[in-house]
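Before any comments, here is the structure.
If you're wondering where the values come from, they're calculated on a predicted model, not measured in any experiment. Throughout, a chain's letter reflects where its sequence line sits, starting with A, and its residues are numbered from 1.
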2 protein chains.
Amino acid sequence: MQSTQSAMGSGRQARVTIADVARHLGVTKSTVSRALNGYPDIAEGTRLRISRAAEALGYRPLSHAQAIRTGRTRSIGLVLQIDSEDSARPFLADFIAGVTQAASDATWTVTIAAEPTEEKVRSTVGRLIEERKADGFILPRTLCSDPRVELLRDQDVPFIMFGRTEDSRGCAWFDIQGEDAMSGAVARLAALGHTRIAHIPGGPQYFYSQLRIDGFQKGLSDAGLPFSPDLIGAPAMTRNSGARVAHDLLTQATPPTAIVCAVDRAALGVYEAASELGLTVGQDVSLMAYDGLPEGAYATPGLTTYAVDSFAAGSRLAEMLIQLIRGADPEELRELAPPTLVERGSDRPPSLTPAELAQRVIDHHSKQPVQWEDNQ
Amino acid sequence: MQSTQSAMGSGRQARVTIADVARHLGVTKSTVSRALNGYPDIAEGTRLRISRAAEALGYRPLSHAQAIRTGRTRSIGLVLQIDSEDSARPFLADFIAGVTQAASDATWTVTIAAEPTEEKVRSTVGRLIEERKADGFILPRTLCSDPRVELLRDQDVPFIMFGRTEDSRGCAWFDIQGEDAMSGAVARLAALGHTRIAHIPGGPQYFYSQLRIDGFQKGLSDAGLPFSPDLIGAPAMTRNSGARVAHDLLTQATPPTAIVCAVDRAALGVYEAASELGLTVGQDVSLMAYDGLPEGAYATPGLTTYAVDSFAAGSRLAEMLIQLIRGADPEELRELAPPTLVERGSDRPPSLTPAELAQRVIDHHSKQPVQWEDNQ
DNA sequence: GAAAGCTTCGAAACCGGTTTCGGCAAGAAA
DNA sequence: TTTCTTGCCGAAACCGGTTTCGAAGCTTTC
């Protein structure tokens with residue numbers, strides 16, 4: 001019956017096209033197309049007949065054939081920046097799984113790219129736009145002022161950010177409530193009896209770092225604890241810099257008995273610093289952080305942290321982006337999800353006062369001076 | 001001059017199409033197309049004129065417009081299986097970066113999907129084929145007999161495997177030389193003076209596990225060491241199962257003084273088992289493994305391991321797949337790359353004989369019996 | 001009963017490329 | 001000079017969809 005027409009080449013199975021469906025029912029392609037796309041000028045009976053036949057014949061429209069007319073590929077773009085020492089790496093698998101899962105559920109696909117530098121990321125995004133490889137983009141790890149945002153805004157391409165930025169006029173975003181986590185951590189530590197609590201913030205280029213500092217300060221004032229600038233250390237995003245900053249904090253004249261880190265990775269360095277100073281985390285100094293890295297479970301004692309559900313974040317971002325592309329108002333597409341507290345052993349009541357702690361450090365220091373390596 | 005034609009909708013910048021280029025030069029679309037695609041019936045001068053003009057005008061063909069006629073999207077498919085406890089996770093970011101980098105360099109793109117179960121992976125691959133979203137696929141983590149392979153072979157869709165399988169007739173693949181790594185590890189440990197060396201293999205569903213067992217045995221015979229079945233423990237792919245298997249091996253009547261693990265993750269468990277038995281890795285028992293996980297560097301002492309360059313693997317796989325899609329013979333597209341030895345502290349000369357080691361374990365065991373938890 | 005309106009669908013153009021076919025001109029062979 | 005190639009390119013069909021336009025057929029209205 002359908003015969004010759006679609007006898008595509010070498011072995012690959014002949015696809016059933018819209019023309020096949022039309023011929024099978026004795027209608028025209030245009031009728032089939034409109035029926036399947038919900039145009040109002042098709043009789044309900046006809047629509048039913050057509051959609052049933054399409055289903056039965058196994059017809060699947062070719063998204064790139066549609067795209068040539070509609071300009072839409074049903075594909076979401078995800079351009080990652082992966083530098084040699086990427087802090088986002090552990091989340092990535094879950095995040096990608098979430099994004100693709102949600103896309104898949106909507107019969108969309110995800111076009112992914114990874115570039116090492118900000119500049120290359122920009123140009124790749126540009127290329128994907130030019131080639132219309134994606135109908136919209138998810139931007140992970142947004143910076144305070146993000147060049148990708150300008151590019152996409154200029155080109156009028158839909159996008160959604162994972163994380164807020166300073167200026168999010170007309171932008172859709174999804175974020176995790178990092179500020180509440182930080183104030184929650186302070187509240188928890190204060191309830192345990194700590195009175196001098198320090199913070200190690202993340203890199204200033206990330207907007208969330210400021211939010212978490214704000215949350216930290218709010219936590220202090222909520223608990224009625226005094227704030228002083230020396231409670232906030234230098235930014236640290238890696239294990240080693242975390243160790244260095246923790247070392248500085250703990251060798252102050254009045255050291256904190258508890259430290260709240262903006263990111264888990266820095267917290268892993270705090271273990272090192274404590275150990276070098278003859279202190280034990282969870283005993284002499286309490287520690288809380290944020291991210292939920294699996295490595296935190298392997299530390300001794302386990303790191304108490306606020307965990308982010310990256311899978312859920314990715315899948316929600318994909319859903320929201322699809323809505324945006326379908327015409328939703330970006331200002332309506334904004335969501336804030338809470339992280340979940342993972343209680344392990346690194347936060348306990350203080351066993352020493354700050355003064356006693358300082359003495360312990362001095363005693364230990366007199367025995368063995370410390371050297372920090374600069375690699376890793 | 002070009003005016004009205006391509007005044008595409010709302011704000012988004014007007015693309016320059018092949019018709020624009022043709023009009024600009026006073027030739028037809030077909031000439032431009034053939035010139036740009038290297039057809040032999042275009043004069044060299046014309047070809048030059050056209051490609052220069054295309055460059056100058058910023059013309060980029062729309063891959064999905066090309067696809068409608070050619071059937072090719074210039075996109076490679078990557079369908080990952082990500083279950084809740086995925087051992088491949090740490091590699092993933094680098095791997096993806098490698099794949100997309102190589103694709104990007106060839107102005108191809110990567111369409112990615114992630115599914116939790118084997119069945120869903122299969123159906124997603126099927127969908128991507130039906131919708132012609134990818135011209136070929138990279139299959140990571142190949143199983144001994146892999147259902148994806150049958151599917152793709154049936155449909156006559158090009159694909160390349162990361163890892164060999166039992167039956168790789170007509171298949172292209174890229175793999176890392178795990179068997180040589182294992183025999184190299186044995187040779188190294190034998191040279192250090194170990195005479196009783198055990199192996200903890202990976203999951204039997206993975207073909208590489210058998211290869212690595214073979215390599216291990218070859219290492220023993222090369223070193224002139226006797227083999228006995230009790231030198232090979234139960235399979236272990238996780239930290240906890242690694243600990244359990246190591247415990248079994250080390251509590252044998254004649255325990256090994258060195259253990260070679262098929263995967264790093266299991267080796268991390270060996271540290272735990274050793275510590276529970278009152279032994280120190282690198283001192284009482286030597287340890288080598290394979291993968292190159294970053295966590296290995298944080299263990300004490302650092303884990304000596306054969307590291308896989310996932311970025312390079314991904315990028316090579318993408319390059320090879322593109323060649324395959326362009327018509328290369330799959331039997332020619334097979335490559336084996338060596339891992340690189342990362343020397344840290346876990347392999348040292350034996351300090352005890354197996355008999356002395358057994359006695360140490362017995363002495364320690366009489367003091368405190370061991371319980372293994374089953375979570376994590 | 002004719003005009004007007006509505007519903008429903010066919011015909012054909014269109015999207016941006018690729019590919020087939022054929023024709024023209026120049027050069028080679030007869 | 002005529003004929004046959006050969007090189008080069010234009011014309012038009014084609015890929016698989018979407019969308020515009022218009023025209024039937026049926027109702028409704030006056």
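When the nearest nucleotides of DNA chain D are assigned to B:Gly26 and B:Ile68 by heavy-atom distance, the more 5′-ward of the two goes with B:Gly26. Of the residues near DNA chain D, B:Arg69 and A:Leu62, the one whose nearest nucleotide (by heavy atom distance) lies more toward the 5' end is B:Arg69.
C:dT19 atom P lies 10 Å from atom CZ of B:Arg72, rounded to whole Å.
No hydrogens or angles were tested; on distance alone, a donor-acceptor pair under 3.5 Å links the side chain of A:Asp41 to the base of C:dC9. No N or O donor and acceptor, one from the side chain of B:Arg34 and one from the base of C:dG17, sit under 3.5 Å apart.
Among the nucleotides D:dT19, C:dT19, C:dT8, the one closest to any side-chain atom of B:Ser30 is C:dT19. Closest contact between the side chain of A:Lys29 and the listed nucleotides C:dG16, D:dT18, D:dC9 involves D:dT18. Listed nucleotides: C:dG16, C:dT8, D:dT18. Nearest to the side chain of B:Ala65: C:dG16. The side chain of B:Pro61 approaches C:dG17 more closely than any other nucleotide in the set C:dA13, C:dG10, C:dG17. Nearest to the side chain of B:Arg15, among C:dG16, C:dT18, D:dG10, sits C:dG16.
Residue B:Ile112 holds its CD1 atom at 11.5 Å from OG1 of A:Thr109, rounded to the nearest 0.5 Å. Between the CZ atom of B:Arg334 and the CE atom of B:Met320 there is a distance of 9.5 Å, given to the nearest 0.5 Å.
Within the 4.5 Å cutoff, the side chain of A:Trp108 has no heavy atoms near those of the A:Leu321 side chain.
One finds a salt bridge joining B:Arg164 and B:Asp175 here, because a Lys/Arg side-chain nitrogen approaches an Asp/Glu carboxylate oxygen to under 4.0 Å.
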